[in-house]
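Report on one structure; see the data block that follows.
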Amino acid sequence: MALIFNGAHYILGVSQPAMILFWIVPSLLSTLQLFYFGTYAPHKNPETINNIHKTRTQNKNHFIGFITCYFFGYHLEHHSKPYIPWWLLWKEK
C-alpha cells in the first residue's frame, strides 16, 4: 500500500491531500461501517437474545440494509446456516 501511495504521489503527481481524502478516509469509514452494521448491531443487547448464537434478525428496511454493507440483517440465519450464501438468507427467515 505504501508503494502505491508513494508511487501515485511521486510518479503520477497525485497530491497527498487528495490521496488521503479519496482513498484513506473512505477506507477507514467503510471499516467502521462494516464493524457497526456487520458485528456490533446484530450482537448488541445479548442479554435480551435467547439463542445460542447471541444474535438476532434485524427487522429493518431492505434498502437501508443494502446500503449499509449488503444487509447483515439476517445475522441469526447466517450463524444458524453458515453454508447459505448471503443473498439467499432471506429465504431462511
### Message
Is it the case that the side chain of H75 and the backbone of T55 share a donor-acceptor pair, with hydrogens and angles ignored and the cut-off at 3.5 Å?
### Response
no
#### Entry: Atom pair CG (L76) and NZ (K54), whose distance is rounded to the nearest 0.5 Å
12.0 Å
### Query
L12, I24: one ILVMFWY side-chain cluster at the under-4.5 Å cut-off?
yes
### Side-chain (H9) to main-chain (F5) donor-acceptor, under 3.5 angstrom
no
### Query
Are Y40 and L32 joined in one hydrophobic group, where the rule is that I, L, V, M, F, W and Y side chains link up if heavy atoms are under 4.5 Å apart?
no
### Query
What's in the same ILVMFWY side-chain cluster as L21, cut-off under 4.5 Å, chained through other members?
F22
### Task
Give, for atom CG of L89 and atom NE2 of H79, the distance between the pair rounded to the nearest 0.5 Å.
11.0 Å
### Message
Please check this pair: side chain of S30 against backbone of S27, looking for a donor-acceptor N/O pair closer than 3.5 Å.
### Response
yes
### Query
Roughly how far, to the nearest 0.5 Å, is OG1 of T39 from NZ of K44?
13.5 Å
### Task
Establish whether Y10 and M19 are linked, either directly or via other cluster members, by ILVMFWY side-chain heavy-atom contacts under 4.5 Å.
no
